[in-house]
Amino acid sequence: MKPTHKTMLEADFLLTNAGRLATVAEHPAPPLEGPLGVLRNGALAARNGRIVWIGAQDEVAQAVNLVADAQRLDAANALVLPGFVDSHTHLVFAGHRAGEFHERLRGATYAELLAQGRGILTTVGATRAASAADLETSARQRMARCLAHGATTLEAKSGYGLNLADELKCLQVIAALRDGPPRLASTCMAAHAIPPEYRADRAAYVRLVCDEILPAARPLADFCDVFCESGAFDAAESRTILERARDLGYKLKLHANQLGHSGGATLAAELNAVSADHLDFITDADRAALRSAGVVATLLPGCAYTLRHAYPDGRRWLDAGLNIALATDLNPGSSYTENMQFVIGLAIPFCGLTVAEALRAATRGGAQALQLDTEIGSLEVGKRCDLTIWDTTDEHEIGYHVGVNLVKRVVVDGAVAL
Ligand code: NIG
Ligand code: FE
């Protein structure tokens, strides 16, 4: 046995030979390089799922004492990143809508389909008809794909139940999946669309959400989200729901200004939402309001790809000083992808982000959009040990070498998940 020096740290996980270990530290200082705080030839140790040491490869032997059954991973000079935090997914749903995707290519629009009782409502019908067990199986398959492409944390929304029993069914599925990996945050999105049976009385559905669904769902969800959009919930309805949610102790998110100037961005700022997502149609005043309210702006370029809309102008968001996150919006209608590498690949050329900005938005930014940034989103001592080892030595290959999975190994909570 190796002698234990008194300053040595006990660890049960050790990553060695990271050619470039991108810490995504908030204020990187030497020896960390560049905007992503890259440590060259680095190593990292963890204990009980938390990072206890990060340092130079040639200091491992002096700094770290491994417990008997410790896990070791050799990065073989590859790139290492914090796990992606995909802060916006509609993980739980039944069926798919490939038919609508192809109809839209022939001219139908997303809003028209919803107005016809299709779109989101097609998936509501399928999800209501599905058993919790089947929903859990398909969601688990999606989680595995998210993990394989580098996401170690996902947010997961309900929103295809749209009645008390089916919203709770979906949130219970999310609760059952919370053992991960990846780790999950849970959002109640009962205000995703007006269900067909309430079409003639929208106010009654808003009351159902406020009086029954949100109180019953509270133990199962951290966040409440509303689709604030013409064709879904207007700004006044959204405010009623979100204020009720806030009183019940939910943290707030909004699908805001995706298809037009819905007032959602203004509302997100007024209510100090944790994040406002989509934001395809925003003004300078909206950007300023979101910034001063500290709302994280979430870029979802998978929607622009799928719906063939203009891409959101991430460059302007950053230039306006907004804190941004980048997420998949995994759902069967507007963005059917589990792959964070794909949305990074869209955000760089089409939303005007640099590689470093996109990777930061996909890690630390996502953690901020879930208010989990003291725990995850960067590789720093004290944080959870969630990381990915890549099939490249250079982060600039991400978003450039596309359509293939460049993630080789995934670690969640200091345990090798893949
Ligand atoms: O984020 N826009 C509203 N909700 C989802 C789409 C859901 C669906 O089409 O099934 C979104 O784009
Ligand atoms: Fe969404």
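One-based numbering, in listed order, for ligands and for the atoms of each. By convention here, the first residue in the shown sequence is residue 1.
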Inset, instruction - State whether the number of non-hydrogen atoms from other residues, nucleotides or ligands found under 6.0 Å of H261 atom NE2 is greater than 12. - result: yes
Inset, instruction - Identify, by atom number and element, the atoms of ligand 1 in contact range of D329, meaning under 4.0 Å from any of its heavy atoms. - result: 1 (O), 11 (C), 12 (O)
Legend entry - For atom 9 (O) of ligand 1, closest protein heavy-atom neighbour: Y110 OH, 2.6 Å
Legend entry - Protein contact of atom 4 (N) of ligand 1 - nearest heavy atom, named by residue and atom, plus distance: H192 NE2, 2.8 Å
Inset, instruction - Could you grab the distance from atom CG of D277 to atom CG of L299, nearest 0.5 Å is fine? - result: 10.0 Å
Legend entry - Contact (N/O only, under 3.5 Å) between T123 and ligand 1: no
Inset, instruction - Find all atoms of ligand 1 within a distance of less than 4.0 Å from any non-hydrogen atom belonging to H278, and give their numbers and elements. - result: 1 (O), 11 (C), 12 (O)
Inset, instruction - Assess whether atom CZ of R50 is packed by more than 12 heavy atoms of other residues, nucleotides or ligands within 6.0 Å. - result: yes
Legend entry - E229 near ligand 1 by a heavy-atom separation under 4.0 Å: no
Legend entry - Plane angle bin for W390 and F84 - parallel if under 30°, tilted between 30 and 60°, otherwise perpendicular: perpendicular
Inset, instruction - Give the numbers and elements of all ligand 1 atoms closer than 4.0 Å to a heavy atom of Y160. - result: 7 (C), 8 (C), 10 (O)
Inset, instruction - Considering the heavy atoms of H88, write down every atom of ligand 1 situated less than 4.0 Å from one of them. - result: 1 (O)
Legend entry - Atom indices of ligand 1 within 4.0 angstrom of I120 heavy atoms, with elements: 7 (C), 8 (C), 9 (O), 10 (O)
Inset, instruction - Output the atom name for the N/O/S atom of D329 with the smallest distance to the Fe ion (ligand 2). - result: OD1
Inset, instruction - Tell me, please, if C303 has any N/O/S atom, main chain or side chain, under 2.8 Å from the Fe ion (ligand 2)? - result: no
Legend entry - Atoms of ligand 1 close to R97 [distance to a heavy atom under 4.0 angstrom, numbered from 1]: 8 (C), 9 (O), 10 (O)
Inset, instruction - Would you mind checking if D166 and K169 are paired as a salt bridge, meaning a charged N to carboxylate O distance below 4.0 Å? - result: yes
Inset, instruction - In plain terms, say whether K251 and D222 are close enough for a salt bridge, that is, a side-chain N and a carboxylate O under 4.0 Å apart. - result: no
Inset, instruction - Decide whether the shortest distance between a heavy atom of F93 and an atom of ligand 1 is less than 4.0 Å. - result: no
Legend entry - Approximate separation, where rounding is to 0.5 Å, of T363 OG1 and D386 CG: 11.5 Å
Legend entry - the Fe ion (ligand 2) reached by H278 (N, O or S, under 2.8 Å): no
Inset, instruction - Hey, can you tell me if Y305 and F342 have their rings parallel, tilted or perpendicular (30° and 60° cut-offs)? - result: perpendicular
Inset, instruction - Identify whether the distance between the nearest side-chain nitrogen and carboxylate oxygen of D247 and R244 falls below 4.0 Å. - result: no
Legend entry - Shortest protein heavy-atom distance from atom 2 (N) of ligand 1, along with the residue and atom involved: Q258 OE1, 2.8 Å
Inset, instruction - Assign the ring pair F93 / Y336 to parallel, tilted or perpendicular, where the plane angle (0 to 90°) is split at 30° and 60°. - result: perpendicular
Inset, instruction - Tell me which one of S334, A111, G302, G333 gets a heavy atom nearest to atom 12 (O) of ligand 1. - result: S334
